[in-house]
Amino acid sequence: MGVSEPPGMNAPAHHHQHQHPHPHPHHHLQTMGQLHQAMANMAHPHSLSAHGGMACVSDVESDPRELEAFAERFKQRRIKLGVTQADVGSALANLKIPGVGSLSQSTICRFESLTLSHNNMIALKPVLQAWLEEAEAAHREKSSKPDPFSGGERKRKRTSIAAPEKRSLEAYFAIQPRPSSEKIAAIAEKLDLKKNVVRVWFCNQRQKQKRMKYSAVH
DNA sequence: ATGCATGAGTG
DNA sequence: ACTCATGCATA
């Protein structure tokens, strides 16, 4: 696993982070810069109050501030170990935690930048924390272990919605975030896009609104 | 880092 | 048909 992470610099604008699953014609510096928002949430807890029985199935009690702090620490320590987001994702499978397999670079990235839903963050935290501990322990032992991994193949194409169309969609979304199937069809025709593309766009837009960073009062 | 997409689960 | 967690492909 000793994939290296080039000491990246941050460019405030846009940068790429490439964790090459396989050799590529061009290289990028891996960098990451995330603005930190200072959020002052109050979400306050603990009222140990007594509520009758205890039949609850989920009492996720983790404040946003705690998560934010963890994500930040996680990222720094991960980089310190010289491990990429993609490496973390695949290494998770080696932890053999029941019901936990590997994750993609995307998901690790989103965890670090808090662009996942609150529940998703809560669910992933213990797993990533476990990985981090293992990784740091192994690092101390420094028992070098090579890991020959090979790449994959290229497949799918990604449709891209042009800026003008995107602006229209945003306008529609503003007035109606959940258009009916027929409304979607109408929009699709006006913008000359496939109906399914429009439908998925709305779904993703809604999901975006629910991400930690933008959803919680900030 | 992020846009568009899939699939499981729910109603 | 939607939500939610997640990922491939790409900027």
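Proteins come first, then strands; the chains are lettered A, B, ... in the order of their sequence lines, and each starts at number 1.
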Study note, to complete from the structure: In whole angstroms, the gap separating P of C:dC2 from CD of A:Gln209 amounts to 15 Å
**Study point:** Separation of C:dT6 P from A:Arg211 CZ (nearest whole Å)
**Key:** 13 Å
Review point. Under a 4.5 Å cut-off applied to non-hydrogen side-chain atoms, are A:Met121 and A:Lys125 in contact?
Key: no
Practice item. Select base, sugar-phosphate, or nothing to describe what A:Leu124 touches, counting heavy atoms under 4.0 Å on all strands. Key: sugar-phosphate
Exercise for review: Starting from P on C:dA1, measure out to CZ on A:Arg206 and report it in whole angstrom.
Suggested key: 12 Å
Review point. For A:Arg199 and C:dC2, is the shortest distance between a side-chain N/O and OP1 or OP2 below 4.0 Å?
Key: yes
**Study point:** Residue closer to the 5' end of DNA chain C, A:Pro179 versus A:Gln207 (nearest nucleotide)
**Key:** A:Pro179
Point to revise | Side-chain N,O (A:Lys166) to OP1/OP2 (B:dC4) below 4.0 Å | key: yes
Review point. Which whole-number value in Å describes the distance from A:Lys213 NZ to B:dA1 P?
Key: 10 Å
Review point. Would a 4.5 Å heavy-atom cut-off, applied to side chains only, mark A:Lys183 and A:Gln176 as touching?
Key: no
Review point. Under 3.5 Å, is there a donor-acceptor pair between the side chain of A:Arg78 and the main chain of A:Val83?
Key: yes
Check your understanding: For the base of C:dG7, is there a side-chain donor-acceptor partner from A:Arg158 under 3.5 Å away?
Key -> no
Practice item. Using a heavy-atom cut-off of under 4.0 Å over every strand shown, decide if A:Lys208 touches base, sugar-phosphate, or nothing. Key: sugar-phosphate
Revision key, fill the gap. Judged by nearest nucleotide, the residue sitting upstream toward the 5' end of DNA chain C, A:Asn204 or A:Ser180, is A:Ser180
Review point. If you look at every strand shown and take non-hydrogen atoms under 4.0 Å, does A:Thr159 touch a base, only sugar-phosphate, or nothing?
Key: sugar-phosphate
Check your understanding: Rounding to a whole Å, what distance do you find between A:Lys210:NZ and C:dC2:C1'?
Key -> 9 Å
Exercise for review: Look at A:Ser106 and C:dG7 and indicate whether a side-chain polar atom (N or O) is within less than 4.0 Å of OP1 or OP2.
Suggested key: no
Check your understanding: Could you give the CG-to-C1' distance, from A:Leu116 to B:dT2, as a whole number of Å?
Key -> 12 Å
Check your understanding: Hey, does A:Asn120 have a side-chain heavy atom less than 4.5 Å from the side chain of A:Phe111?
Key -> no
Practice item. Give the rounded distance in Å between these two atoms: CD of A:Gln205 and P of C:dC4. Key: 15 Å
Check your understanding: So, is A:Gln105 close to the C:dT6 phosphate, meaning a side-chain N or O under 4.0 Å from OP1 or OP2?
Key -> no
Point to revise | A:Lys75 versus A:Ser113, side-chain donor and acceptor atoms under 3.5 Å | key: no
Check your understanding: Is there a side-chain contact between A:Val198 and A:Tyr172, using heavy atoms and a 4.5 Å cut-off?
Key -> no
Check your understanding: Is the phosphate of B:dA5, meaning OP1 or OP2, less than 4.0 Å from a side-chain N or O of A:Lys157?
Key -> no
Practice item. Look at A:Asn120 and C:dT6 and indicate whether a side-chain polar atom (N or O) is within less than 4.0 Å of OP1 or OP2. Key: yes
Check your understanding: Quick one: is A:Ser117 getting a side-chain N or O under 4.0 Å of the C:dA5 phosphate, OP1 or OP2?
Key -> yes
Check your understanding: Any side-chain N or O of A:Thr107 less than 4.0 Å from the OP1 or OP2 oxygen of C:dT6?
Key -> no
Practice item. Check every atom of C:dC2, C:dA9, B:dA1 against the side chain of A:Arg156 and return the nucleotide holding the closest atom. Key: C:dA9
Review point. Rounded to the Å, how far apart are A:Arg110 CZ and C:dG7 P?
Key: 10 Å
